[in-house]
There are 2 protein chains.
Amino acid sequence: MRSNRVQNSSRNDLPEEGKGEKARERILAAARQVFAQYPFKAASTRLIAEAAGIERPLIHYYFGSKAKLFEAVARDLFEEFNQAHLSFLQGVERLPPREGLSLYLDRLLDYTLRHPEPMRIILVNMAQIGNLDEIPGYQYIPLHLEEIRHILENKVPLQGPPSEIQMFFLCFNNLMISFLGAKSCQAQVLGLDPEGPEYRQWIKDALLTLFAPWLARLIFPDSNR
Amino acid sequence: MRSNRVQNSSRNDLPEEGKGEKARERILAAARQVFAQYPFKAASTRLIAEAAGIERPLIHYYFGSKAKLFEAVARDLFEEFNQAHLSFLQGVERLPPREGLSLYLDRLLDYTLRHPEPMRIILVNMAQIGNLDEIPGYQYIPLHLEEIRHILENKVPLQGPPSEIQMFFLCFNNLMISFLGAKSCQAQVLGLDPEGPEYRQWIKDALLTLFAPWLARLIFPDSNR
DNA sequence: GAATGTTTTTACAGATTGGTAAAATTTTTC
DNA sequence: GAAAAATTTTACCAATCTGTAAAAACATTC
């Protein structure tokens with residue numbers, strides 16, 4: 001009975017949320033915050049339960065285990081990010097490379113500064129991939145990175161070799177993950193306020209400085225010679 | 001009596017290591033590996049003791065607490081890296097920018113592939129800086145990043161504005177941390193073996209592609225116009 | 001309204017954790 | 001070689017962890 005509960009993740013035939021569904025959503029939302037703050041092992045079910053305002057065994061009642069909760073969180077979170085990511089790219093391909101990248105960055109930074117969880121969850125957990133005690137939910141991280149790249153390739157007319165496009169993407173995204181996932185550390189090195197507009201501007205400047213020339217080469221491979 | 005033990009970290013007046021000093025070194029070496037594999041909280045004293053081949057309370061006898069052990073590990077580790085880093089730069093400033101960067105990268109990758117702990121310890125712990133339960137040893141991470149930048153600035157004649165040099169450095173180092181600290185994840189996205197020579201070459205290519213043009217602009221600010 | 005299903009709460013359990021204290025053992029000092 | 005110091009081992013502890021089971025409470029169905 002309980003296993004059906006856990007697997008039943010489509011809600012499109014329910015007219016209104018029951019109590020169970022409300023509790024479930026509250027746990028998911030709380031877990032999202034806690035998993036974004038701490039690596040999986042340090043993100044205790046007690047912390048999640050407190051943040052959700054529920055009794056701890058409800059986590060197991062609704063999700064089966066902490067690892068399955070992480071999976072559910074990661075699946076939802078990255079799916080939302082993918083959808084949002086599509087919208088970041090609207091109209092970008094019609095602009096010159098630098099302007100296009102600038103617009104994309106504005107949108108991406110708007111989203112990720114309001115929703116820091118994807119970047120943080122990636123950063124705090126990515127190094128545990130490949131460990132013996134790896135949990136299944138971690139695999140959403142590389143899958144997500146690949147998905148984002150496909151979205152980008154489909155929307156922006158890049159002309160370089162696929163391996164170079166992948167390199168571009170991976171470098172770009174890893175810097176986003178580092179700068180947004182470890183804001184306190186980076187901002188401390190820079191002497192900035194991690195939540196301030198200067199730090200956001202710094203990220204944008206850094207990424208434009210680094211990636212705009214490369215993007216131009218990928219869009220117009222012969223015109224910069 | 002025990003607090004004197006913990007604080008007594010200079011050994012330059014002892015003719016030969018006693019048993020205690022040997023045990024201490026074994027704990028430090030084991031802790032280095034465990035702290036490089038797991039975030040601080042997940043790096044249990046039991047794991048460290050097992051890796052060191054000692055009984056667990058010896059950690060407290062020699063170091064006082066897990067957090068203090070982390071501090072001792074981080075201090076040693078980053079100091080060693082700083083010294084090694086000096087040698088990576090020998091002769092680099094006499095080469096053209098791309099060649100100099102290539103040589104530096106070869107040396108840096110040689111070192112960090114044999115000693116992955118600095119990058120890993122940074123990556124698995126950097127996002128916890130600024131958290132309420134932050135431990136003092138974490139502060140070695142931003143301090144180390146600043147120290148490395150100073151070493152670089154002293155050895156390589158960069159002409160750009162200090163803020164741009166810092167940006168260059170921070171972008172460069174964060175990518176190294178990501179690519180070396182989370183090898184399994186990155187290599188999975190790339191479809192490579194994380195310990196294979198192709199992945200190492202990929203890192204080098206990525207960093208050269210991204211940073212060689214920028215480095216040239218920082219060394220010869222007017223000659224590329 | 002009773003029976004059934006769902007949700008929540010309470011209690012429990014084994015395992016693990018960081019740390020402490022005391023006993024045992026080893027080493028050093030005189 | 002006895003005493004003192006250093007080191008190691010053993011035993012213990014409170015706290016925390018994830019997870020389970022049962023009881024209680026609530027909601028739904030007929």
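Residue numbers begin at 1 in each chain, while the letters A, B, ... track the order of the sequences. Note that this is a predicted model, so its numbers are computed, not measured.
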Sidechain-backbone polar pair: A:Lys66 side chain, A:Phe40 backbone, donor-acceptor under 3.5 Å: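 Flag set: sc A:Lys66 to bb A:Phe40 pair under 3.5 Å.
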
I need the [atom1]-[atom2] distance between [X] and [N], as an integer number of Å.
X	N	atom1	atom2	value
A:Lys41	D:dT18	NZ	P	10 Å
A:Phe40	D:dC17	CZ	P	13 Å
B:His60	D:dC12	NE2	P	19 Å
B:Arg56	D:dA11	CZ	P	14 Å
A:Ile48	D:dG19	CD1	C1'	14 Å
B:Lys22	C:dT27	NZ	C1'	13 Å
A:Ile59	D:dT16	CD1	P	16 Å
B:Ile54	D:dT9	CD1	C1'	11 Å

Please examine the side chains of B:Glu134 and B:Gln139, heavy atoms only from C-beta on, and report whether any two atoms are closer than 4.5 Å.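 They are in contact (side-chain heavy atoms under 4.5 Å apart), so the answer is yes.
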
Residue closer to the 5' end of DNA chain C, B:Lys66 versus A:Leu58 (nearest nucleotide): A:Leu58

Show the numbers, then the answer: is there a salt bridge (Lys or Arg N to Asp or Glu O under 4.0 Å) between B:Arg75 and B:Glu79? CA-CA 6 Å; B:Arg75 187 168 49 233; B:Glu79 183 52 40; over 6 Å; no

Given B:Lys155, which partner from the list B:Gln90, B:His150, B:His85 fulfils the side-chain contact (heavy atoms from CB on, under 4.5 Å) test?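 Going through B:Gln90, B:His150, B:His85 one by one, the side-chain contact (heavy atoms from CB on, under 4.5 Å) with B:Lys155 is satisfied by B:Gln90 alone.
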
Taking only the side-chain heavy atoms of [X] (C-beta and beyond), determine which of [options] contains the nearest atom.
X	options	answer
B:Glu55	D:dC17, D:dT9, C:dG18	D:dT9
A:Ser44	D:dT18, D:dC12, D:dT8	D:dT18
A:Pro57	C:dA21, C:dT9, C:dC12	C:dT9

Counting only side-chain nitrogens and oxygens, does [X] get under 4.0 Å of the OP1 or OP2 atom of [N]?
X	N	answer
B:Thr45	C:dG18	yes
B:Arg46	C:dT16	no
A:Lys19	C:dT7	no
B:Tyr62	D:dT8	yes

Salt bridge flag under 4.0 Å for residues A:Asp110 and A:Arg200: yes

